[in-house]
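The structure under discussion appears below in the form of structure tokens.
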Amino acid sequence: MLRLALSALVYSVCTIAGSTSVLPGQALKSYINPVIPGFSPDPSCTRVNGTFYCVNSSFNAFPGNPLYVSRDLQHFKQIGNVISRPEQLPGLANTNGSTSGVWAASIREHGGMFYVTTTLVYDNMPQQNLSRWDNILFTNPDPIGNPNGWSDPIHFYFPGYDTSLFWDDDGKVWVQGSHAWQIYPQIQQYQIDLSNGQSLTGDPIMMWNGTGGLAPEGPHVYKKEGWYYLLIAEGGTGLNHMGTMARAQNITGPWESYEHNPVLTNANTSLYLQTVGHTDIFNDTAGNYWAVALSTRNGTKNFPMGRETVMVPVDWSGDWPVFNGATPGHAYIQMQGPLPAVESAVEGESLAYEQSTGHLAGADEWELFAPGSTLPVHYLYLRLPDTSKYAISPEGHPYSLSLLGSWRNLTGTDGRTGNPTFVGRRQTQVRFESQVDIEFAPQLDGEEAGLTVFLQQAAHFDLGVVSLSASSASQQGYPPPGNGTDMSRYIRLRTITVNSTHQGTVDPISTPMILPLNLSTTEPVKLTLRVQAPNESSYLFSWSETSSNAWNVIGSGDATQTIVGMFASGNGINSTTPAYFSNFIYSGWRDFPGQP
Ligand SMILES: *[C@@H]1O[C@H](CO)[C@@H](O)[C@H](O)[C@H]1NC(C)=O
Ligand SMILES: *[C@@H]1O[C@H](CO)[C@@H](O)[C@H](O)[C@H]1NC(C)=O
Ligand SMILES: *[C@@H]1O[C@H](CO)[C@@H](O)[C@H](O)[C@H]1NC(C)=O
Ligand SMILES: *[C@@H]1O[C@H](CO)[C@@H](O)[C@H](O)[C@H]1NC(C)=O
Ligand SMILES: *[C@@H]1O[C@H](CO)[C@@H](O)[C@H](O)[C@H]1NC(C)=O
Ligand SMILES: *[C@@H]1O[C@H](CO)[C@@H](O)[C@H](O)[C@H]1NC(C)=O
Ligand SMILES: *[C@@H]1O[C@H](CO)[C@@H](O)[C@H](O)[C@H]1NC(C)=O
Ligand SMILES: *[C@@H]1O[C@H](CO)[C@@H](O)[C@H](O)[C@H]1NC(C)=O
Ligand SMILES: *[C@@H]1O[C@H](CO)[C@@H](O)[C@H](O)[C@H]1NC(C)=O
Ligand SMILES: *[C@@H]1O[C@H](CO)[C@@H](O)[C@H](O)[C@H]1NC(C)=O
Ligand SMILES: *[C@@H]1O[C@H](CO)[C@@H](O)[C@H](O)[C@H]1NC(C)=O
Ligand SMILES: *[C@H]1O[C@H](CO)[C@@H](O)[C@H](O)[C@H]1NC(C)=O
């Protein structure tokens with residue numbers, strides 16, 4: 001579940017002696033958390049042959065449910081998105097509120113078919129309204145060979161969210177999920193017919209209450225040595241987040257709680273990684289078990305990175321899995337740990353992976369928008385885009401991305417739907433720098449385009465070129481245009497932040513920083529716009545004449561955002577002049593060698 005209730009942090013790096021077996025003579029590699037940096041909540045992973053497949057939540061972003069594959073548990077390549085065609089999920093056009101959209105997904109493989117279950121949540125509807133919970137199932141026989149080949153969804157009934165599939169040895173398939181509105185929220189399940197999403201056992205039945213923590217959710221069932229194990233998240237997705245377990249000898253229960261719960265939590269510690277929970281377990285070809293979980297970093301002020309994916313070794317040689325070699329109840333996820341060699345079991349498989357195109361999670365980029373290319377797989381829109389407003393290398397403007405401004409801008413209260421013209425990528429390092437060249441000749445009053453760091457409609461910082469009439473400028477209290485022409489161009493930084501004491505409302509917009517450009521009204525403005533995050537708590541905005549190295553700092557703001565992107569808007573009117581963006585660069589600082 002998504003509640004961005006976050007507090008603050010200290011930067012410390014802890015190394016651990018992991019419990020994972022490392023064979024003699026094997027080079028000791030290490031992995032560094034988060035293994036998938038930047039906005040990657042609610043991870044779920046599974047292994048097939050020598051390849052790991054992971055998915056997670058994407059909320060209002062489109063494409064949705066990014067699919068990552070890894071061969072070594074160090075590099076995670078995003079090869080596609082489970083939801084890549086608007087027709088798969090038209091409802092994504094109308095999600096209302098920043099906590100709506102596609103929630104946690106679960107990925108499993110059975111009999112040569114991959115299955116992803118997830119929930120499209122309309123978070124503004126009452127809990128009891130079944131229309132709030134659109135549970136959906138996608139299939140793809142070959143995610144690497146055909147990364148956008150996920151089926152249209154089968155919609156299936158579940159009065160809640162976080163649905164996950166389990167195949168029993170007798171061929172029966174059970175779907176578990178978090179029932180959202182019982183007096184005691186609880187994990188429930190039913191036996192599902194995967195061909196049509198119907199229940200074969202009537203209404204969902206109670207499995208487990210959890211151990212008394214808030215919001216039992218994120219269930220996964222595993223079978224090992226005759227026992228059924230149920231792993232769930234409890235405590236809410238904030239500082240009390242934890243993983244707890246129960247087991248049973250029959251899939252229908254009764255479920256017996258582990259006496260040493262929680263199996264995993266960073267609650268009541270002052271570790272850098274906090275809010276650890278929403279866990280999934282898988283094994284590698286060497287027989288080692290692993291778990292992924294979501295986590296946030298305890299920043300001094302804000303959490304610019306959002307909820308990220310961390311990994312931890314698991315020892316499951318005994319009855320219950322032991323996370324990170326810990327005494328039960330004290331299993332902490334830390335920043336790094338040893339990683340055994342993970343070899344492919346299947347010849348040819350490695351090649352298919354190597355040849356697949358995609359984007360390594362956390363990688364830097366210099367995007368050229370070359371003629372004939374498409375937008376990279378890791379780029380995101382807000383809800384379903386109006387594709388007529390986006391073009392790569394249009395006539396006369398090779399190596400550019402043209403954006404035509406929507407009448408909407410990026411701002412809205414939390415209860416606003418709509419799809420402003422906007423595309424971007426996740427901020428994947430705490431400290432980074434990003435820049436883009438813009439060529440834009442706005443004509444109409446209010447037309448604007450530029451660079452944004454975007455968390456949600458009620459929280460984003462926009463550095464844009466805007467044209468304003470003399471009367472609009474004076475109404476907004478901006479300095480008058482330089483030489484009395486009616487329409488003038490400005491460079492403007494607006495910071496829109498959520499008022500933490502009044503969640504869901506937009507603060508009166510802080511006074512924008514604005515400079516008249518004093519250019520003639522016919523020549524396009526050509527500038528380079530830049531944002532830098534020099535530390536974990538602030539962003540610095542600057543601009544320069546394109547191909548000049550003289551940067552003019554325009555302002556700064558507190559860090560809370562997670563997507564860096566380009567936008568265009570008429571601020572209430574439909575734009576008629578496209579903005580041309582080129583050379584989009586993102587470059588992150590690595591805090592540790594080898595960090596993604
Ligand atoms: C986060 O870091 C701050 C600053 O060091 C510290 O005071 C606070 O206790 C930490 N919070 C948690 C939950 O560890
Ligand atoms: C896994 O290996 C088996 C046996 O070689 C093969 O039939 C199957 O297609 C492989 N599955 C995937 C997803 O690579
Ligand atoms: C559920 O909410 C939708 C949208 O608000 C509404 O149209 C519908 O009538 C509600 N259904 C029930 C059963 O309350
Ligand atoms: C669920 O939890 C509540 C409160 O802890 C308890 O009263 C109830 O009996 C539990 N239900 C089951 C089936 O365990
Ligand atoms: C599991 O429980 C079901 C009824 O809930 C029963 O029909 C079945 O025989 C049980 N299986 C085992 C192995 O005990
Ligand atoms: C390891 O993972 C595979 C694939 O998910 C699963 O089929 C197998 O049962 C697991 N092995 C053990 C010993 O749990
Ligand atoms: C979003 O939901 C809220 C609460 O139900 C409602 O008041 C508001 O009108 C909705 N907004 C839109 C654009 O549907
Ligand atoms: C507008 O002002 C700039 C500098 O302030 C000047 O170079 C330019 O000639 C002026 N344009 C007009 C049309 O007056
Ligand atoms: C939040 O809004 C309230 C009421 O408008 C205001 O008093 C308060 O100063 C605002 N807080 C911040 C941090 O701007
Ligand atoms: C966004 O557009 C609306 C009109 O649709 C306008 O009222 C508002 O001032 C614009 N800017 C911001 C930052 O909200
Ligand atoms: C913008 O254009 C769309 C159609 O593309 C239209 O539905 C909408 O009303 C227009 N908005 C304004 C403010 O003109
Ligand atoms: C989760 O999704 C985000 C994008 O929404 C992506 O950056 C991240 O790598 C994904 N993580 C996993 C485990 O799939």
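Counting from 1, the numbers follow the sequence of the chain as shown.
- By the 4.5 Å heavy-atom criterion applied to side chains, Leu230 and Pro219 are counted as neighbours.
- The minimum heavy-atom distance between Asn81 and Gly64, with the atom names listed, is CB-O, 3.5 Å.
- Without hydrogens or angle criteria, Arg47 side chain to Asn49 main chain gives a donor-acceptor distance under 3.5 Å.
- Asn135 contributes atom CG, which lies 11.5 Å from atom OH of Tyr161 (distance to the nearest 0.5 angstrom).
- Side-chain contact between Arg108 and His220 is present, with at least one heavy-atom pair separated by less than 4.5 Å.
- Within 6.0 Å of NZ in Lys172 there are 12 or fewer heavy atoms belonging to other residues, nucleotides or ligands.
- Here Pro204 pairs with Tyr157, Phe158, Pro159, Gln188, Tyr190 under the side-chain contact (heavy atoms from CB on, under 4.5 Å) rule; sequence neighbours left out.
- Of all heavy-atom pairs between Thr118 and Ala104, the closest is OG1-O, 3.2 Å.
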> Which is it for Leu165 and Leu137 under the side-chain contact (heavy atoms from CB on, under 4.5 Å) test, yes or no, and what are the steps along the way?
Replying inline: CA-CA 10 Å; Leu165 296 175; Leu137 163 68; 4.0 Å; yes
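- Classified by interplanar angle (parallel below 30°, tilted 30° to 60°, perpendicular above 60°), the ring pair Tyr379/Phe584 is perpendicular.
- Ring orientation note: the planes of Tyr258 and His260 are nearly perpendicular, at an angle over 60° on the 30°/60° scale.
- No hydrogens or angles considered: a donor-acceptor pair under 3.5 Å links the side chains of Asp284 and Asn288.
- In plain terms, the two heavy atoms of Ser257 and Thr211 that are nearest each other are OG-CG2, 4.0 Å.
- A donor and an acceptor atom, one from each side chain of Glu365 and His378, are located under 3.5 Å apart.
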> Please walk me through it: do Ser44 and Asp280 pass side-chain hydrogen bond (donor to acceptor under 3.5 Å, both in side chains)?
Replying inline: CA-CA 6 Å; Ser44 170; Asp280 198 4; 2.8 Å; yes
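- Distance check, rounded to the nearest 0.5 Å: CZ of Phe156 to OG1 of Thr119 gives 6.5 Å.
- The backbone N or O of Gly160 lies less than 3.5 Å from no partner atom in the side chain of Trp181, so there is not a single donor-acceptor pair.
- Formation of a donor-acceptor pair under 3.5 Å by the Thr46 side chain with backbone atoms of Tyr53 is not found in this model.
- Counting heavy atoms from C-beta on, the side chains of Phe323 and Thr265 never come closer than 4.5 Å.
- Put simply, the side chain of Gln427 gets close to the backbone of Gln429: a donor and an acceptor are under 3.5 Å apart.
- Side-chain contact check for Tyr229 and Asp319: no donor-acceptor pair (N or O, by modelled atom type) lies under 3.5 Å.
- Although no hydrogens or angles enter the test, the distance criterion places a donor-acceptor pair under 3.5 Å between the side chain of Gln189 and the main chain of Ile251.
- Under the ring pair (Phe, Tyr, Trp, His ring centres under 6.0 Å) criterion, Tyr228 pairs with Phe166, sequence neighbours left out.
- Remark: the backbone N or O of His75 is paired with a side-chain donor or acceptor of Asp72 at under 3.5 angstrom.
- Although no hydrogens or angles enter the test, the distance criterion places no donor-acceptor pair under 3.5 Å between the side chain of Asn240 and the main chain of Ala267.
- For the atom pair Thr163 OG1 and Ile192 CD1, the distance stands at 8.0 Å (nearest 0.5 Å).
- At least one donor-acceptor pair under 3.5 Å links the side chain of Gln88 to the backbone N or O of Val82.
- Considering only heavy atoms from C-beta on, Trp174 stays 4.5 Å or farther from Met207 through its side chain.
- For the atom pair CH2 of Trp167 and CG of Leu194, the computed distance is 5.5 Å after rounding to the nearest 0.5 Å.
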>> Working note: Trp316 + Ile281, criterion side-chain contact (heavy atoms from CB on, under 4.5 Å); need CA distance, chi angles, decisive distance, verdict.
In response: CA-CA 10 Å; Trp316 206 345; Ile281 302 179; 4.1 Å; yes
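- Checked by atom type and distance alone, the side chain of Asp162 pairs as donor or acceptor with a backbone atom of Gly218 at under 3.5 Å.
- Here the side chains of Tyr289 and Pro313 are not in contact, with every heavy-atom distance at 4.5 Å or above.
- In terms of heavy atoms, Ser164 sits closest to Thr117 at CA-OG1, 3.7 Å.
- The two atoms that bring Asn209 and Pro216 nearest to each other are O-CG, 3.5 Å, heavy atoms only.
- Atom CZ of Phe432 is separated from atom CD1 of Ile585 by 13.0 Å, given to the nearest 0.5 angstrom.
- Side-chain contact between Pro143 and Trp150: present, with at least one pair of heavy atoms (C-beta onward) separated by less than 4.5 Å.
- Counting all heavy atoms, side chain and backbone alike, Ala293 lies closest to Thr279 at CB-OG1, 3.9 Å.
- A 4.5 Å side-chain heavy-atom check between Pro321 and Met245 finds at least one atom pair inside the cut-off.
- Taking the side chain as every heavy atom from C-beta outward, Asp364 and Tyr586 approach each other to under 4.5 Å.
- One N or O on the side chain of Thr201 and one on the backbone of Gln191 form a donor-acceptor pair closer than 3.5 Å.
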>> The test is side-chain contact (heavy atoms from CB on, under 4.5 Å); show your working for Phe282 and Leu73 and say whether it passes.
In response: CA-CA 12 Å; Phe282 55 96; Leu73 295 180; 3.9 Å; yes
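- Atoms CD and OG1, from Glu234 and Thr244 in turn, are 3.5 Å apart once rounded to the nearest 0.5 Å.
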>> For a side-chain contact (heavy atoms from CB on, under 4.5 Å) check, start with the C-alpha distance between Trp208 and Gln176, then their side-chain angles and the critical distance, and finish with the verdict.
In response: CA-CA 11 Å; Trp208 192 37; Gln176 295 81 36; over 6 Å; no
